[in-house]
Amino acid sequence: MQIPAYKLLFISTPVGAIGTGIGGGVELTLFNITQEMTRRGHKVEIVAPQGSVMQQFTVKEIAGKLQTPAQNQTRNSPITMLKNSVLANMWDYARQVQADYDLIVNFAYDWLPLYLTPFFNCPIAHFISMGSLIDAIDQIIESVAIEFPNTIGVYTQSQADTFSCAEQCYCLLNGLDLSIYQFCPKPTQSLAWVGRIAPEKGLEDAVAAAEITGITLKIFGLKQDVSYWEKICQEHPDAPIEYVGFLPTVELQKELGKCRAVLVTPRWIEAFGNVAIEALACGVPLIAYRRGGLTEIVQSGKTGFLVEPDSVQGLVEAIEHLDEIDRRACRQQAETLYSLEAMGDRTEAWFQKILRIGYPETA
Ligand code: HBI
């Protein structure tokens, strides 16, 4: 059924400008949804912190101080609003232009946009990009989920299950432009680890597994926490590791495709795992902790292995069974579930659900 062309306003994460890698996976999700909604004839405008660049799309850049990352805070952290907060400034801009749009989509994992929902006339959809982290944010997510049905979007059910409004969450999974990812049938000997280098990502376990197996581990990603990186190097001076750095997607997929497997070792409930589907798209099997969104991505024994969380020995055993995995099955799973087309269908259906069922009268 042909649906109307929506006028969509996407408000990005306030933790970093788009293109710096600080916004992590949500930057890629924002880009992919923008690309796919535009292809389907919808009008998309992006609002993001100053310095943001998003390939062929123009971004309305907003000045102001970046928000502190939520994952560095504790459960009972107070909500902080900085002087000249870019988060506040982006949402003041949204307030001013809201009449020009059918739907605003919030990509920030922050209290303010959720709290502001009833104060806006324009419907707001919230894409929540991480599991439960801070009580005050849990509470506001849960109250918006009840007052504005269908407006809370997440990556996966296991991420949704960390909130009390799990049943009200709409699972988008994720999507990639698979034409960027080349299938690589014959890998080199190396293993890979990809992600923001920060404690919640558990890099030390992958390094320990590389040390035990003697297989080189290529490390891709932003050194977000340098002291954490240096501690790993001090504790594993002889580990066969090679720091490659943060690569743009086209270069990353070329290097990633050459690897025998990607080790995914999150310490926390990884909401999704963009890295996981990027690896599958290149035909690279996953060896991942049985935790969070990864449990819904890895088809253990078929496209990789799910391993006992925090078990280095588990990683080592999975590495020894890698030859059982058919790399073509990995690419096939990406094409079936994580193409832009599949993600676009899920996203468009979400928007339709919010706009068609009608949106409660607001202030
Ligand atoms: N922290 N406060 C805050 N706001 C965000 O939008 C945010 C974050 N931490 C990490 C993050 N977004 C993204 O990197 C992940 O959601 C992918």
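Both ligands and their constituent atoms are indexed starting at 1 by order of listing. No hydrogens, no waters, no symmetry mates; every other heavy atom, side chains included, goes into these values.
Between R196 and ligand 1, not a single N/O pair is under 3.5 Å apart. Considering backbone and side-chain atoms together, A70 places an N or O closer than 3.5 Å to an N or O of ligand 1. Considering backbone and side-chain N/O atoms, Q67 never comes within less than 3.5 Å of an N/O atom of ligand 1.
Under a 4.0 Å heavy-atom criterion, T68 is in contact with ligand 1.
More than 12 heavy atoms of other residues, nucleotides or ligands sit less than 6.0 Å from atom OH of Y6. When the shell of 6.0 Å around NZ of K231 is examined, it contains 12 or fewer heavy atoms from other residues, nucleotides or ligands. Remark: R328 CZ is loosely packed, at most 12 non-hydrogen atoms of other residues, nucleotides or ligands lying under 6.0 Å away.
In summary, the atoms of ligand 1 found under 4.0 Å from a heavy atom of V15, numbered by their order in the structure, are 1 (N), 2 (N), 3 (C), 4 (N), 5 (C), 7 (C), 8 (C). Ligand 1 places these atoms under 4.0 Å from at least one heavy atom of D110: 2 (N), 3 (C), 4 (N), 5 (C), 6 (O). Of all atoms in ligand 1, numbered sequentially from 1 with element shown, those under 4.0 Å from a heavy atom of G25 are 17 (C). Residue P69 has at least one heavy-atom neighbour below 4.0 Å for each of these atoms of ligand 1: 1 (N).
For atom 15 (C) of ligand 1, the nearest protein heavy atom (residue, atom name, distance) is S129 OG, 3.7 Å.
Of the N and O atoms on the side chains of Q332 and T336, at least one donor lies less than 3.5 Å from an acceptor on the other residue. Using modelled atom types, one finds a donor on one side chain and an acceptor on the other under 3.5 Å when comparing W268 with E270.
For the ring-ring contact (aromatic ring centres under 6.0 Å, His included) condition, the pairs that include at least one residue of residues 80-109, sequence neighbours left out, are F10-F107, W91-F120, F107-F127.
Under the rule for a side-chain hydrogen bond (donor to acceptor under 3.5 Å, both in side chains), the partners of E335 that lie at least two apart in sequence or sit in another chain are R331.
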